[in-house]
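The sequence lines fix the lettering, A, B, ..., with proteins before strands; numbering per chain opens at 1.
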Number of protein chains: 2
Amino acid sequence: MSKDIKNIFHKQGLKFTPQRRAVLKVLQDTQAYLSINRIHTKVKELLPGTGLATVYRSLETLVELELAVKVHLEDGCHSYTLAPEGHRHPIVCTDCSRVIEYTECPIQDISKKLSKKTGVLIKTHFLQLFGKCEECRN
Amino acid sequence: MSKDIKNIFHKQGLKFTPQRRAVLKVLQDTQAYLSINRIHTKVKELLPGTGLATVYRSLETLVELELAVKVHLEDGCHSYTLAPEGHRHPIVCTDCSRVIEYTECPIQDISKKLSKKTGVLIKTHFLQLFGKCEECRN
DNA sequence: TTTACAATTGAGAAAGTTTCTCAATTAGGG
DNA sequence: CCCTAATTGAGAAACTTTCTCAATTGTAAA
């Protein structure tokens, strides 16, 4: 399974470096949106000396490979999390910032209708749901 | 109608200053997402000398008053547009960046079901649709 | 209309985020 | 085990956003 991921890199002529591994591992170990700085801190625990620029570059690469997704939170800087399988949307807990679950996409059904109705050929969309998970409500 | 808006400010103990008027007018005159810098440029045409910090502060105020909405586009900096009436979501043209239309919210219907199913009490969501408008397709 | 005061502004400094540059290093195909 | 192109670290640079403070200005009340 790590081998599959390795191949995804190699097929694109990209190297599967320790730094990229570390960034990916951080995302895998935390099912939550993480800011660049938090990712950088955690990566340095696994691989001391890793530079911030490398974290930026690794995340960019992971998004290109569709292994991670970039999201926008209200608090300014961008955050990242593991890419879900298939077309789904994250439900994020506003307290602990974890991605509780990815839900089926309700937009695909209606986008064709909307295209007809509005004259806009709808191609993509961005959807995030926010709430409070069971743990955080107690 | 400008009087209504004036009252919205006054009810909150806020002043309806020329700078805030200018920012609002720029949003009204352009049915599109505008970056802070483009807003600043256009505001200075109406009111030379207006500072960038004031544009930031005015937009923050307009969002608080629900007269404008802040959105996140891929290209980094935040953008703003006029707030739609009621709970609706923007359909944005990826070519001309105009907000073509606001569509009915398809999430409200399903959020209760999702809350039950996932155990997360869903409170808010963020949805933007992207496509290519008729004009830009020709 | 005038006055008084709290809210707001402009300017620039400061803080924070992201990208760029380049010499040194390294992964991985051959 | 080499060779080479891809990648990295470090710091500079660019860019976005917030903060500070003295000066100004709306507006409620006189």
Side-chain angles (χ1 to χ4, degrees), chain A residues 2-26 33-41 43-65 67-68 70-80, chain B residues 2-26 33-41 43-65 67-68 70-80:
Chain A
S2 174
K3 202 141 200 180
D4 294 339
I5 290 177
K6 200 173 182 178
N7 280 331
I8 294 174
F9 280 83
H10 290 174
K11 275 179 193 163
Q12 306 293 322
L14 299 171
K15 293 179 182 177
F16 196 39
T17 63
Q19 290 85 351
R20 287 172 175 168
R21 269 176 229 255
V23 171
L24 187 58
K25 181 148 181 44
V26 165
Y33 286 160
L34 294 174
S35 70
I36 304 260
N37 285 331
R38 290 192 60 198
I39 292 171
H40 186 207
T41 302
V43 164
K44 280 191 292 187
E45 286 167 16
L46 297 175
L47 203 68
T50 304
L52 178 59
T54 297
V55 173
Y56 272 96
R57 290 182 289 222
S58 296
L59 287 166
E60 196 176 89
T61 302
L62 290 173
V63 169
E64 273 167 23
L65 296 178
L67 294 170
K70 184 178 185 176
V71 296
H72 314 271
L73 301 181
E74 276 310 314
D75 51 16
C77 64
H78 289 128
S79 296
Y80 290 81
Chain B
S2 174
K3 203 143 200 177
D4 295 337
I5 291 177
K6 199 174 182 175
N7 280 332
I8 294 174
F9 280 83
H10 290 173
K11 275 180 193 162
Q12 307 294 323
L14 298 171
K15 294 178 179 176
F16 196 39
T17 63
Q19 290 85 350
R20 287 173 174 168
R21 271 175 228 255
V23 171
L24 186 57
K25 180 149 181 44
V26 166
Y33 286 159
L34 294 174
S35 69
I36 303 258
N37 284 331
R38 290 193 60 197
I39 293 171
H40 186 208
T41 301
V43 164
K44 279 190 292 187
E45 285 167 18
L46 297 175
L47 202 68
T50 304
L52 179 58
T54 298
V55 174
Y56 272 95
R57 291 182 288 224
S58 297
L59 287 167
E60 197 177 87
T61 302
L62 290 173
V63 170
E64 271 166 23
L65 297 177
L67 294 171
K70 182 178 186 176
V71 296
H72 313 273
L73 301 182
E74 275 310 315
D75 52 16
C77 64
H78 289 127
S79 295
Y80 291 80

- Item | Length of the line joining A/L14:CG and D/dT4:C1', which is rounded to integer Å | 16 Å
- Task: Supply the atom-to-atom distance A/T61 OG1 to A/L67 CG, rounded to the nearest 0.5 angstrom.
- Result: 10.0 Å
- Item | First encountered from the 5' end of DNA chain C, between A/T17 and B/T50 | B/T50
- Query: For the pair made of NZ in B/K11 and P in D/dT27, what is the distance, rounded to whole Å?
  - Reply: 15 Å
- Query: Can you name the one residue among B/R21, B/R20, B/K15 that meets side-chain contact (heavy atoms from CB on, under 4.5 Å) with B/F9?
  - Reply: B/R20
- Min side-chain heavy-atom separation A/Q19-A/L47 under 4.5 Å: yes
- Message: Measuring to OP1 and OP2 of D/dT25, would you say a side-chain N or O of B/Q19 lies under 4.0 angstrom away?
- Response: no
- When the nearest nucleotide of DNA chain D is assigned to B/R21 and to B/L52 on a heavy-atom basis, which residue is associated with the more 5' position? B/L52
- Residues two or more places apart in sequence or in another chain: which of them pass salt bridge (Lys or Arg N to Asp or Glu O under 4.0 Å) with B/K25? B/D29
- Spacing between A/L62 atom CG and D/dT7 atom P, to the nearest angstrom: 12 Å
- Query: Any side-chain N or O of A/H78 under 4.0 Å from OP1/OP2 of C/dT18?
  - Reply: yes
- Task: Could you tell me whether the phosphate oxygens of C/dA27, OP1 or OP2, come under 4.0 Å of any side-chain nitrogen or oxygen in A/H10?
- Result: no
- Between C/dT26 atom P and A/R20 atom CZ, what is the distance in whole Å? 15 Å
- From the list D/dC19, C/dT17, C/dT9, which nucleotide is the closest neighbour of the side chain of B/S58? C/dT9
- Message: Let's see if you can work this out: which of D/dA10, D/dT25, D/dT18 has an atom nearest to the side-chain heavy atoms of A/R57?
- Response: D/dA10
- Message: Both B/E60 and B/P18 contact DNA chain D. Which one's nearest nucleotide lies toward the 5' end?
- Response: B/E60
- Task: May I ask you to check whether over 12 heavy atoms, not counting those of A/E60, lie within 6.0 Å of atom CD?
- Result: no
- Nearest-nucleotide pick for A/I36, side chain only, options being C/dT9, C/dT18, D/dT27: C/dT18
- Let me know the distance between CG of A/L47 and P of C/dA27, rounded to the nearest Å. 11 Å
- Rounded distance [0.5 Å steps], CD1 in A/I39 versus OG in A/S79: 7.0 Å
- Item | Nearest-nucleotide 5' precedence on DNA chain C, B/V55 against B/K15 | B/K15
- Query: Given side chains that start at C-beta, do those of B/Y80 and B/I36 come closer than 4.5 Å, heavy atoms only?
  - Reply: yes
- Calculate the interatomic distance between B/K44 atom NZ and C/dA11 atom C1'; express it in whole Å. 13 Å
- Rounded to 10 degrees, the angle between the two terminal axes of the helix from C/dT1-D/dA30 to C/dG30-D/dC1, each from five pairs: 50°
- Query: Could you state the OH-P distance from B/Y80 to D/dT16, rounded to the nearest angstrom?
  - Reply: 13 Å
- Would you mind reporting whether B/L14 and B/L65 have side-chain heavy atoms less than 4.5 Å apart? yes
- Message: Output the rounded distance in Å from NE2 (B/H40) to C1' (C/dA11).
- Response: 11 Å
- Task: Could you work out which one of C/dT9, C/dG28, D/dT16 sits closest to the side chain of B/N37?
- Result: D/dT16
